[in-house]
Amino acid sequence: MSPKPSLPGILSRLAAALRETVERHYLDLSFSRVAPLALLLAYGIAVGLVFNTGIDHPWDKLQHLVFFGLLTLAVHAFFCCRLRISAGIASLAGIGGEAIQALTPHHHASLGDVAANTVGVALVVAAIVLIRSETRAALAEKAIEGDAFLSSPVPVPVPAPLSAPGRDQVSASSDSSSA
């Protein structure tokens, strides 16, 4: 009979398998790529546990806006796809979710929810475009400053005229001889 594997042994083998998969498929699991996804999951779980009644409440549209904004950010950051693709995926998920609610008993589809989903996606897209624009402008300004520095005339020291060694001595001796 073989001994039962211990939890630390299982966890270390699982970590090694995950590390091998990440290296083989070159998955970038850096903080900046995983954080939006983790935030989306935490928000979805928290809101799902608190507001699981399925009825409308005053904060319903705000929750749609925030969730689909986070979904757009998470898809864009984690999959490194174009912004229009991540916005399209999030928008289609919102429309699909409302379509499924229309077919599900005890739920109702709402154009207001679709609008809130779309506004959430649009706000994140606008924020990303604004950040990119500001970053590009700052980099362009820095490049222009660098070009101005590189293209400005550099003062070159002008050497003093060289005098011939014998001439100064000759003129000094001739001055003393004439005196």
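- The CD atom of Glu98 lies 11.5 Å from the CG atom of Leu103; values are rounded to the nearest 0.5 Å.
- With sequence neighbours left out, the side chain to side chain contact (heavy atoms under 4.5 Å, CB included) criterion links Val75 to Leu71, Phe79, Cys81, Ser86, Ile89.
- The shortest non-hydrogen separation linking Leu70 to Leu40 is CB-CD1, 3.8 Å.
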task = Please lay out, stage by stage, how Leu83 and Arg132 fare under the test side-chain contact (heavy atoms from CB on, under 4.5 Å).
result = CA-CA 11 Å; Leu83 187 56; Arg132 285 181 181 172; 4.2 Å; yes
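- Under the 4.5 Å side-chain heavy-atom criterion for ILVMFWY residues, no single connected hydrophobic cluster contains both Val119 and Ile95.
- Placement of Phe67 and Ile100 in two distinct hydrophobic clusters is found when ILVMFWY residues are connected by side-chain heavy-atom separations under 4.5 Å, directly or transitively.
- Within 6.0 Å of CG in Leu130 there are more than 12 heavy atoms belonging to other residues, nucleotides or ligands.
- The CG atom of Asp113 sits 9.0 Å away from atom CZ of Phe68, with the distance rounded to the nearest 0.5 Å.
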query = Yes or no on side-chain contact (heavy atoms from CB on, under 4.5 Å) for Ser110 and His64, after CA distance, side-chain angles and deciding distance?
reply = CA-CA 11 Å; Ser110 166; His64 280 270; over 6 Å; no
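- Taken to the nearest 0.5 Å, the CD1 atom of Ile85 stands 10.5 Å off from the NE2 atom of His76.
- With a 4.5 Å cut-off on side-chain heavy atoms, Thr72 and Ile128 do not count as touching.
- Taken from CZ in Arg136 to CG in Leu139, the straight-line distance is 9.5 Å, to the nearest 0.5 Å.
- No donor-acceptor pair closer than 3.5 Å links the side chain of Ser133 to the backbone N or O of Val129.
- We find the OG1-CG distance between Thr118 and Leu123 to be 11.0 Å, quoted to the nearest 0.5 Å.
- Hydrophobic clustering, with ILVMFWY side chains joined whenever heavy atoms are under 4.5 angstrom apart, keeps Val121 apart from Val114.
- If you chain together hydrophobic residues whose side chains sit under 4.5 Å apart, Tyr43 and Leu37 fall into the same group.
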